[in-house]
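From a predicted model like this one, the values you see are computed outputs, not experimental measurements. First listed ligand is number 1; within each ligand, the first listed atom is number 1.
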Amino acid sequence: MNQKTYEQAELTTDDTECAQCGATAEGTPATWTCTIANGTRQHLCDTCTRASLRVIESHLDPVPTR
Ligand SMILES: [Zn+2]
């Protein structure tokens, strides 16, 4: 059995953009979070991960900032 609890971030050389604040980073930093919201893969930077921790843990979609 090799069941993944969390989706592993893609290995990519492309920049990763934070879905919340728009911050970018090269590749996918280990401190960032990858979530699936509405079938779309979204990344959150470490700052937004902490800010959204309660939202993520309650399995609610992140509140749009736009
Ligand atoms: Zn962010």
In this structure, OG1 of Thr47 is separated from CD of Gln20 (nearest 0.5 Å) by 11.5 Å

Tightest non-hydrogen contact, residues Leu44 and Cys48, listed as CD2-CB, 4.2 Å

Shortest non-hydrogen contact from Cys21 toward Cys45: SG-SG, 3.9 Å

Do the non-hydrogen side-chain atoms of His43 and Thr33 ever get within less than 4.5 Å of each other? no

For the Zn ion (ligand 1), how many protein N, O or S atoms lie at less than 2.8 Å? 4

Partners of Ala25 by side chain to side chain contact (heavy atoms under 4.5 Å, CB included), sequence neighbours excluded? Pro29, Trp32

Looking at every non-hydrogen atom in both residues, tell me the closest pair between Ile36 and Arg41 and how far apart they are. CD1-CA, 3.8 Å

